[in-house]
Structures are given as C-alpha cells and as structure tokens.
Trainee: 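Have a look at the structure that comes next, please.
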Amino acid sequence: MWRAPLPVRAGRGPTSFPPPPGAGRGRGGPPAAPSALAAPSAPEKPQPKNGGVLIYSCTTAPVNLNVYISAGPAEERTLGTVYETLFSYRHEVDLDYRNDFEILPWLAEKWETPDPKTVIIQLRKGVKWHDGVEFTADDVDFSFKYGIDPANKFRVAGNVFNQVAGSQVIDKYTVKLTAKEPVRDFLTLLGDRVAFILPKHVMDRGDDFRRVAIGTGPFTLKEYDANKGTLVAKNPNYWQPGRPYIDGIRCQYGMQSQHEQAAFTAGQIDILHANDRVQLETMQKSVPGLQSSSISVQSGLAILPKLGKKPWDDVRVRKAIHLAVDRQGLKAAALFGDGIINPPGMPGDRTGWAIPPEELLKLPGYRQPKDLDITEAKRLMGEAGLAGGLKTSMLYGTNLTLGVRIAEPLQAQLAKIGIDATLRPLPIAEARANEEKGDFDLLVQNTADHAFRLNFEHQDMNGPHYSDIVDAKLTELLYKAARSLDVNEAKRAAMEMQRYLLETNFYIPTIAPLSFPMWQRWVFDYVFEPSNVNRMTRSQGYRVWMDVDKMPADRK
C-alpha cells in the first residue's frame with residue numbers, strides 16, 4: 001500500500017534490533033556539564049513482569065482468517081500478533097514515526113538495494129512457525145506470489161503489494177523482490193502492518209488460510225469466534241528471547257461505544273481510545289491511575305461527490321461545496337475545538353509534505369470569516385443553473401464516530417448555499433455495499449491516507465472505484481509524489497497535487513480528529529498508534545507487560 005511519502009534509509013539494513021521497551025531515543029543537545037551538587041536520581045523504571053491477559057475491544061471481526069482477502073483493520077487487529085512482516089518501523093513512546101521514520105528489520109535481518117527496483121533480503125535464521133516448521137525464503141516467495149496472483153483477487157494485491165512485480169528464492173535464507181518500477185518507499189510497503197508472510201507448508205498440506213492461522217508472531221491463535229472474539233496465547237518459542245511478557249490477548253467483537261467505556265471503567269478492558277478531550281476528562285475522574293496521551297490521527301473525513309452523476313460532474317458545484325464547508329465550525333461542533341484541518345490529498349500534519357497551516361487557513365474554503373466564501377459559493381451555484389437550490393443525499397457509515405458527529409453540521413452548512421442534503425446513515429456493511437455499487441450522491445468517507453485514497457479511487461487496482469476520478473494530471477502528480485526517487489521532487493509533486501485538487505475539488509476534505517489513547521494503570525510500555533482505533537500489532541504486543549498485582553481481583 002502506498003503511504004504518504006516518508007524517508008527510508010537505503011542501502012544495507014541494520015542488523016540491530018529495536019531497543020527494549022521504554023528505552024526511547026535521545027532528544028536535545030549534548031549532556032550538561034557535571035554539577036557540584038548531585039542531581040536527584042530519576043525514579044527507577046519498573047521492570048517488566050510476566051503474566052496477565054490483555055483485553056480490548058476490536059469492534060468488528062474479519063471476514064475470515066485469510067489476512068490477504070480484505071487486508072484491512074479487522075484482520076490487523078485480530079491477527080496482527082500472530083503473523084509478522086519482513087520489516088517494521090521504529091515505534092516508541094516518545095516517537096511519532098510519521099515524521100521521524102526509520103525502517104527496521106523484522107523477519108528480515110539484512111537487505112541490499114542494488115537498484116531502485118530490487119531488494120535482496122537475508123532472512124533471520126532459527127525462526128519457527130507456530131507448528132515448529134522452520135521459516136525460510138520459500139515462505140516469502142510463496143506469500144508474494146500467492147498475494148499478487150490476479151486469479152485470487154485479494155485486496156492485499158491492490159492495497160499493499162501493488163508495487164511488487166515478482167520474487168525469486170536465491171537460497172534457503174535469501175529472497176529477491178522486484179518492484180514494477182523504481183520506487184522510493186519499497187521497504188515501507190514491505191513493512192506495512194498487513195504485509196504478512198504466510199507459511200507455504202500450510203497451503204501445501206491442504207489447509208485453508210480462511211480457517212487456519214499459523215504465524216511466526218509472539219502469539220498463537222487459540223480461539224476465534226466471529227460473533228464473540230479472539231484469544232491469542234503467548235508463543236513460548238518466539239524468536240525474540242524473553243518475549244512476549246503477557247500470557248495472551250483477548251480481542252472482543254461487537255461492543256458498542258458505551259459498553260466499551262463501561263468495561264474500561266470497571267477494569268475489564270485494558271486499552272481504549274477516547275473520542276474527544278471531554279470524554280477523556282470524564283474517564284480520568286472515574287478510573288484511578290488512568291494513563292493517557294493525545295495524538296493526531298492519520299485519518300480524516302472527506303466528502304466524495306459521485307463524479308459520474310450530475311451535477312457533480314460540474315466543477316462549479318463541487319467548488320461551491322468546498323467553499324461552504326466551515327472546517328473551524330466542524331472542529332468546534334464535533335471536537336470541542338481540537339483536531340486537524342486537512343488540505344486535499346495529504347494529512348494536514350505531515351510536515352514538509354502538506355500545505356502549511358499558516359498558508360492553508362488563508363485560502364478560500366479555509367479562511368475565516370466565511371462571508372466571502374458563502375457569497376462566492378452562491379454565485380457558482382447560480383452560474384451552474386442551480387440558483388433555486390439542489391436536493392441531494394449524503395451517505396455515511398454509522399461506524400464513523402466523527403462522521404456521525406459532523407453530519408448534521410455539514411448538512412446545515414450546505415443549506416446556506418441552497419443544497420438540501422438528506423442524511424443517509426447506514427450500518428458499516430450496508431454503507432460499504434452502497435459505496436461499492438456507486439449508490440450515492442455525496443459520500444462522507446474515512447480517508448486513511450488521503451493521497452493513497454485518491455490513488456486507490458482512480459487507478460486500475462483491485463478495489464472498488466467509488467468516485468469515478470479519471471484525470472491524467474492527477475495521476476502524474478500522484479505517481480511523482482509516491483515514486484520519485486528524489487525526495488525533494490516528491491515533496492514538490494505533493495504540494496502541486498494539493499493545489500491542483502483545490503482547483504478541481506474531486507473531493508472535499510474536512511477535518512481529522514485527535515485521538516486520546518487510554519490504558520490502565522497496570523499496563524506498561526503500551527505504544528499507541530496514531531489512530532482512533534484500539535489495536536495490538538506485532539510492534540506492540542511483543543513489548544507490552546502488565547502488573548497483575550494491580551489488576552482487579554476477578555482478573556488475576
């Protein structure tokens with residue numbers, strides 16, 4: 001899956017492994033000169049303990065256990081500690097990896113990039129699948145060929161492996177992967193959280209990945225019930241000595257938000273994300289020793305007009321919507337003033353890649369007050385023959401907490417320019433079905449990565465094409481931003497892409513929320529994601545530990 005471009009260290013990869021939990025990275029300048037008075041010693045850091053089963057809510061179950069079919073968050077949350085990837089990224093408490101990015105070896109040990117289309121990977125030796133069979137290059141070769149085979153029509157092919165042209169086994173522990181074309185962030189793609197490596201021998205013996213999950217990860221699958229949840233148990237033969245610390249992880253499905261909060265308050269689940277600062281403050285009052293933080297999430301909401309339908313094929317109407325949206329008003333109404341205002345095509349906090357806030361907030365559609373924008377929007381509607389108004393509808397999934405919160409404010413904002421938008425809130429499955437059929441006028445959608453989302457929308461990939469974007473210039477700019485080997489050229493293309501989208505208004509970005517991750521006082525070294533969902537992946541599960549003595553009596 002193409003991500004918003006990030007620097008990746010090229011050449012031969014490091015052989016060192018991530019530091020132990022909590023080690024962090026140094027910040028600031030050189031050490032201070034010794035003082036005549038001894039500085040007070042820092043509190044001794046708690047040392048990891050073994051034991052405990054971590055519990056959290058996963059909301060929805062995957063379609064089945066084959067992680068390549070949907071290649072989405074449900075698969076990641078359920079099986080992200082069972083399967084592993086070739087690469088990962090440095091993921092620590094004091095590090096936002098989006099702007100301080102470093103690729104790390106995982107199942108890979110070393111790598112070489114002899115040219116921009118090729119990576120030769122030496123694998124870790126001694127890694128075992130959960131059934132005791134040795135992990136080798138045959139597994140990597142099988143996984144990529146299986147994943148990208150067009151006959152399988154796996155979402156992972158278009159969603160993650162879309163740049164992989166092929167693979168070749170060099171020897172038992174060495175494999176060569178080839179990209180379709182020179183690409184700057186090939187290793188980033190191979191480190192995607194759902195770029196899982198699967199066991200070849202499991203397929204060879206006739207097992208079905210839809211029903212069987214055997215990985216190399218820190219936990220083994222013990223229970224799976226699509227209606228209730230999943231239990232994974234500690235892998236006693238994990239290749240990282242002494243890890244993991246906890247005995248298992250239980251992922252519970254189907255919990256509504258109010259049930260999650262009640263369970264967290266009662267100490268029956270261990271990690272949760274508050275939807276806003278007020279909810280966090282409420283939880284702080286009721287949960288003793290609550291640990292928390294805040295982070296801008298990597299997904300925001302946007303309005304996608306169905307370009308193949310009138311009047312959305314008219315740029316004047318799309319521009320009018322863009323001008324009518326009051327982003328600051330949405331932040332005040334839905335997020336108590338928190339959150340990020342996004343430019344089109346890029347998360348707004350992506351330093352160096354996104355139009356800077358000080359420039360963005362002066363542009364039409366973003367500026368305050370809104371009087372000039374509303375006047376211009378009405379003029380454009382009249383010019384498009386819609387001076388008398390327009391009746392339409394706005395589809396969104398009720399799983400989108402922010403979508404539910406901004407729907408009515410958006411409806412009121414559009415009404416100011418004569419657009420009467422009937423709200424169409426649907427459960428997630430129904431909303432997705434309508435999206436894939438193209439049965440919508442305006443779609444409020446979660447854009448996990450804005451530029452990727454646009455790429456996914458209008459390129460010839462395996463996923464659904466929701467909004468009918470077909471534009472040669474946008475395609476060219478997307479490819480430059482994603483694949484230019486010169487990072488400065490990529491940044492220039494990303495900026496030009498955003499400005500072009502401000503002219504064409506193929507989609508209308510709104511806001512991205514802040515996430516407020518919370519975890520119980522007995523949970524240590526939990527490294528939260530820049531996301532508003534609870535998850536436990538291979539880069540988190542192996543390092544988390546719990547002080548069982550502090551847990552509720554009925555969980556010890």
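All values below come from the heavy atoms of this structure, side chains included, with hydrogens, waters and symmetry mates left out. From a predicted model like this one, the values you see are computed outputs, not experimental measurements.
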Trainee: Apply the test side chain to side chain contact (heavy atoms under 4.5 Å, CB included) to residues Leu390 and Met381: give CA-CA distance (whole Å), side-chain angles for both, the deciding distance (0.1 Å), then the verdict.
Mentor: CA-CA 9 Å; Leu390 167 66; Met381 291 288 287; 4.3 Å; yes
Trainee: Per the salt bridge (charged side-chain N to carboxylate O under 4.0 Å, His left out) rule, what does the pair list look like for residues 317-343, sequence neighbours excluded?
Mentor: Arg277-Asp338
Trainee: Say whether, by atom type as modelled, one donor and one acceptor occur between the side chain of Arg367 and the main chain of Lys362 under 3.5 angstrom.
Mentor: no
Trainee: Applying salt bridge (Lys or Arg N to Asp or Glu O under 4.0 Å), run through Lys309 and Asp313 and close with a yes or a no.
Mentor: CA-CA 6 Å; Lys309 290 183 179 181; Asp313 59 343; over 6 Å; no
Trainee: Does any pair with a residue in residues 502-517 pass salt bridge (charged side-chain N to carboxylate O under 4.0 Å, His left out), and if so which ones, sequence neighbours excluded?
Mentor: none
Trainee: Apply side chain to side chain contact (heavy atoms under 4.5 Å, CB included) to Gln445 and Leu301, showing your working.
Mentor: CA-CA 6 Å; Gln445 180 57 275; Leu301 293 187; over 6 Å; no
Trainee: Enumerate the ring pair (Phe, Tyr, Trp, His ring centres under 6.0 Å) contacts for residues 383-427, please, sequence neighbours excluded, ordered by first and then second residue.
Mentor: none
Trainee: Return each pair, listed once, that meets ring pair (Phe, Tyr, Trp, His ring centres under 6.0 Å) where at least one residue sits in residues 303-335; pairs must be two or more places apart or across chains.
Mentor: His322-Tyr366
Trainee: So Tyr89 and Leu104, do their side chains get closer than 4.5 Å, heavy atoms only?
Mentor: no
Trainee: Looking only at heavy atoms, which two atoms of Val156 and Gly147 are closest? And how far apart?
Mentor: CG1-O, 3.9 Å
Trainee: When you check the gap from the basic side-chain N to the acidic O, do Arg499 and Glu359 get nearer than 4.0 Å?
Mentor: yes
Trainee: Which residues pass the salt bridge (Lys or Arg N to Asp or Glu O under 4.0 Å) test with Glu181, not counting sequence neighbours?
Mentor: Arg483
Trainee: Strictly distance-based, threshold 3.5 Å: is any side-chain N or O of Asn505 a donor or acceptor partner for the main-chain N or O of Tyr507?
Mentor: no
Trainee: Looking at Phe528, Tyr526, Phe516, which hits side chain to side chain contact (heavy atoms under 4.5 Å, CB included) with Ser293?
Mentor: Phe528
Trainee: As an exercise, state the distance from CE of Met518 to OG of Ser294, rounded to the nearest 0.5 Å.
Mentor: 12.5 Å
Trainee: What's the verdict on side-chain hydrogen bond (donor to acceptor under 3.5 Å, both in side chains) for Ser57 and Tyr253, showing C-alpha distance, side-chain angles and the deciding distance?
Mentor: CA-CA 6 Å; Ser57 169; Tyr253 302 143; over 6 Å; no
Trainee: Is there a side-chain contact between Arg405 and Asp276 (heavy atoms, below 4.5 Å)?
Mentor: yes
Trainee: Other residues, nucleotides and ligands only: do more than 12 of their heavy atoms fall within 6.0 Å of CD on Glu408?
Mentor: no
Trainee: For Lys117, what residues pass the salt bridge (Lys or Arg N to Asp or Glu O under 4.0 Å) criterion, not counting sequence neighbours?
Mentor: none
Trainee: Is a side-chain N or O of Thr85 found less than 3.5 angstrom from the main chain of Phe87, in a donor-acceptor match?
Mentor: yes
Trainee: Is the backbone N or O of Trp353 less than 3.5 Å from a side-chain atom of Gln498, with the two atoms forming a donor-acceptor pair by type?
Mentor: yes
Trainee: Output a table of donor-acceptor pairs, distance under 3.5 Å, between side-chain atoms of residues 60-67 and any protein atom two or more places apart or on a different chain; print 'none' if there are none.
Mentor:
unit_1, atom_1, unit_2, atom_2, d
Asn64, OD1, Asn66, N, 2.9
Asn66, OD1, Tyr68, N, 3.0
Asn66, ND2, Tyr146, OH, 3.1

Trainee: State which residues pass salt bridge (Lys or Arg N to Asp or Glu O under 4.0 Å) with Glu75; sequence neighbours excluded, sorted by chain then number.
Mentor: none
Trainee: Any idea which heavy atoms bring Ile340 and Ser296 closest together, and the distance?
Mentor: CG1-CB, 3.8 Å
Trainee: Decide side chain to side chain contact (heavy atoms under 4.5 Å, CB included) for Ile511 and Leu402; before the verdict, give the C-alpha distance in whole Å, the side-chain angles of both, and the deciding distance to 0.1 Å.
Mentor: CA-CA 9 Å; Ile511 58 176; Leu402 182 56; 4.2 Å; yes
Trainee: After noting the C-alpha distance and the side-chain angles of Leu395 and Leu442, does the key distance pass the side chain to side chain contact (heavy atoms under 4.5 Å, CB included) rule?
Mentor: CA-CA 6 Å; Leu395 171 68; Leu442 299 175; over 6 Å; no
Trainee: Counting N and O atoms only, with roles assigned by atom type, does the side chain of Asp149 sit under 3.5 Å from a partner on the main chain of Ala151, one being a donor and the other an acceptor?
Mentor: yes
Trainee: Is a side-chain donor or acceptor of Asp373 paired with a backbone partner of Gly365 at a separation under 3.5 angstrom?
Mentor: yes
Trainee: For Glu376, which residues count as a side chain to side chain contact (heavy atoms under 4.5 Å, CB included) partner, sequence neighbours excluded?
Mentor: Leu323, Arg379, Leu380
Trainee: Report yes if some heavy atom in the side chain of Ile197 is under 4.5 Å from a heavy atom in the side chain of Tyr83; otherwise report no.
Mentor: no
Trainee: Quick one: OG on Ser257 to CG on Leu272, what's the gap to the nearest 0.5 Å?
Mentor: 7.5 Å
Trainee: Check whether any side-chain heavy atom of Ile428 sits under 4.5 Å from a side-chain heavy atom of Leu400, and report yes or no.
Mentor: no
Trainee: Just to verify, what does Lys416 make a salt bridge (Lys or Arg N to Asp or Glu O under 4.0 Å) with, not counting sequence neighbours?
Mentor: none
Trainee: May I ask you to decide if Thr422's main-chain N or O and Lys391's side chain share a donor-acceptor pair within less than 3.5 Å?
Mentor: no
Trainee: Any pair with a residue in residues 507-517 that passes salt bridge (charged side-chain N to carboxylate O under 4.0 Å, His left out), sequence neighbours left out, goes on the list, sorted by first then second residue, please.
Mentor: none
Trainee: Flag the pair Val164 / Lys180 as yes when at least one side-chain heavy-atom distance between them is below 4.5 Å, and no otherwise.
Mentor: no
Trainee: For the residue pair Asp192 and Thr188, establish whether any side-chain heavy-atom pair is separated by less than 4.5 Å.
Mentor: no
Trainee: I need the Phe196 CZ to Glu84 CD distance, nearest 0.5 Å.
Mentor: 9.5 Å
Trainee: Quick check: closest heavy atoms across Gly348 and Asn342, and the distance to 0.1 Å?
Mentor: N-OD1, 2.7 Å
Trainee: Do the side chain of Arg90 and the main chain of Ile103 share a donor and acceptor less than 3.5 angstrom apart?
Mentor: no
Trainee: Rounded to the nearest 0.5 Å, how far apart are CD1 of Ile271 and OG of Ser292?
Mentor: 14.0 Å
Trainee: Using the test side chain to side chain contact (heavy atoms under 4.5 Å, CB included), find all partners of Glu489 that sit at least two apart in sequence or belong to another chain.
Mentor: Lys480, Ser484, Asp486, Arg492
Trainee: Distance-only, no hydrogens or angles: does the Thr118 side chain make a donor-acceptor pair with backbone N or O of Pro114 under 3.5 Å?
Mentor: no
Trainee: Tell me the closest heavy-atom pair linking Pro517 and His273, and the distance in Å.
Mentor: CB-CE1, 3.6 Å
Trainee: I need the single residue from Leu86, Ile120, Leu187, Leu177 that forms a side chain to side chain contact (heavy atoms under 4.5 Å, CB included) with Trp111. Which is it?
Mentor: Leu187
Trainee: Provide the closest heavy-atom pair for Leu360 versus Ile341 in the form atom of the first, atom of the second, distance.
Mentor: CD2-O, 3.8 Å
Trainee: Within the structure provided, determine whether Leu386 and Val317 are in side-chain contact (heavy-atom separation under 4.5 Å).
Mentor: yes
Trainee: Taking the side chain as every heavy atom from C-beta outward, state whether Leu514 and Leu335 have any pair of such atoms under 4.5 Å apart.
Mentor: no
Trainee: For a quick test of reading the model, state the closest non-hydrogen atom pair linking Pro356 to Met495 and the distance between them.
Mentor: CD-CE, 4.4 Å
